[in-house]
Amino acid sequence: MLQNAAPAIVLLIVMVGIAWLLQRYRRHLPGAANRAGPHLQVLGGVAIGPQQRVVTLQVGQGEQAVCLVLGVSPGSVTALHQMPLPPEATEAPAAPGHTPAPAGFAARLALFRKDGDANR
């Protein structure tokens, strides 16, 4: 019986050894390191049912960035819409201690009044 099982055991050991070697040295294989693909970032998602979601993704970076709206269900992923991202969405966020300039006339007027009171 061992005569019949020995070739199968040897073959199993060889297959496990090859799989271990490939996993260990896959970075050194030609072309394997550059398979990262495009930059993907999940911008948001909304559940529309128990197993259905609408998800927005940013694909790419900089001027090449595109926003995809996807419908995701257990059996499929469907592209619902595709649009380029506005330039302000692809810019880097402001520094942590930096507050953005207030928008609107009333907010700017309040800012100047506050600065004027500090100088007196």
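Counting from 1, the numbers follow the sequence of the chain as shown.
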Practice task
Could you tell me the separation between the CZ atom of Arg24 and the CG atom of Leu22, rounded to the nearest 0.5 Å?
Solution key: 13.0 Å
Problem - side-chain hydrogen bond (donor to acceptor under 3.5 Å, both in side chains) partners for Ser76, two or more places apart - result: Ser73
Handout entry: Joint cluster assignment, Val55 & Leu80, ILVMFWY side-chain distance < 4.5 Å
Key = no
Handout entry: Considering all heavy atoms, the nearest Ala79-Leu70 contact
Key = CA-CD2, 3.8 Å
Fill in the blank from the handout: Heavy atoms of Gln82 and Val66 approach each other most closely as CG-CG1, 3.5 Å
Exercise for the section: State plainly whether one hydrophobic cluster holds both Val72 and Val69, where clusters connect Ile, Leu, Val, Met, Phe, Trp and Tyr through side-chain heavy atoms under 4.5 angstrom apart. Expected result: no
Contacts table for residues 11-20: side-chain donor-acceptor under 3.5 angstrom, sequence neighbours left out:
none

Please output the side-chain donor-acceptor pairs of residues 40-54 that fall under 3.5 Å, not counting sequence neighbours, one pair per line with the distance.
none

Problem - Any donor-acceptor pair under 3.5 Å from Gln3 side chain to Ala5 backbone - result: no
